[in-house]
Trainee: 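First the structure, which I've put down as structure tokens, then a few questions once you've had a look.
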Amino acid sequence: LWQQGPLSLALAGGKLVARLSNREIAGQDVAPGTWVHAAVTLGGGKAVLYQGGAAVAQVEAATPAIDGPVRIGEGFSGQVDEVSVAGTVR
């Protein structure tokens, strides 16, 4: 769904999954044909995956530099409505 540097957000096996370098954060199932709000925050020594506005998983993780080109929708069949990237945890 989205990738920049060591951070990515994808669907894998029907679940929302965030990857940060060698760490993986698995969310809940996403039913085919449904809309879901997904977010990842990095800060305070942890990475948190949000699904539907609620934190569903987290791991301890240092915050690496997130830079380089942004890839959106690569390998995804469906619609991506909005993408937002912020420099602060909201």
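A quick note: this is a predicted structure, and the numbers were derived from the prediction, not measured.
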Trainee: V56 and G27: which non-hydrogen atoms are nearest, and at how many Å?
Mentor: CG2-CA, 3.9 Å

Trainee: Is there a path of hydrophobic side-chain contacts, each under 4.5 Å between heavy atoms of I, L, V, M, F, W or Y residues, that connects V17 with V83?
Mentor: no

Trainee: Might you point out which heavy atoms bring L9 and A38 nearest each other, and give the distance in Å?
Mentor: CD2-CB, 3.9 Å

Trainee: Output yes when a side-chain donor or acceptor of Q51 lies under 3.5 Å from a complementary backbone atom of Q28, and no otherwise.
Mentor: yes

Trainee: How many angstroms lie between atom CZ of R19 and atom CG of L49, to the nearest 0.5 angstrom?
Mentor: 11.5 Å

Trainee: At what distance, to the nearest 0.5 angstrom, does CD of Q3 lie from CD1 of I72?
Mentor: 11.0 Å

Trainee: If we only count heavy atoms from C-beta on, is the L1 to L16 side-chain gap below 4.5 Å?
Mentor: yes

Trainee: In Å and rounded to the nearest 0.5 Å, what is the NZ to CG distance from K46 to L20?
Mentor: 14.5 Å

Trainee: Are the side chains of L42 and I66 in touch, meaning some heavy atoms are under 4.5 Å apart?
Mentor: yes

Trainee: Give me the atom names and distance for the closest heavy-atom approach of A65 to P6.
Mentor: O-CD, 3.6 Å

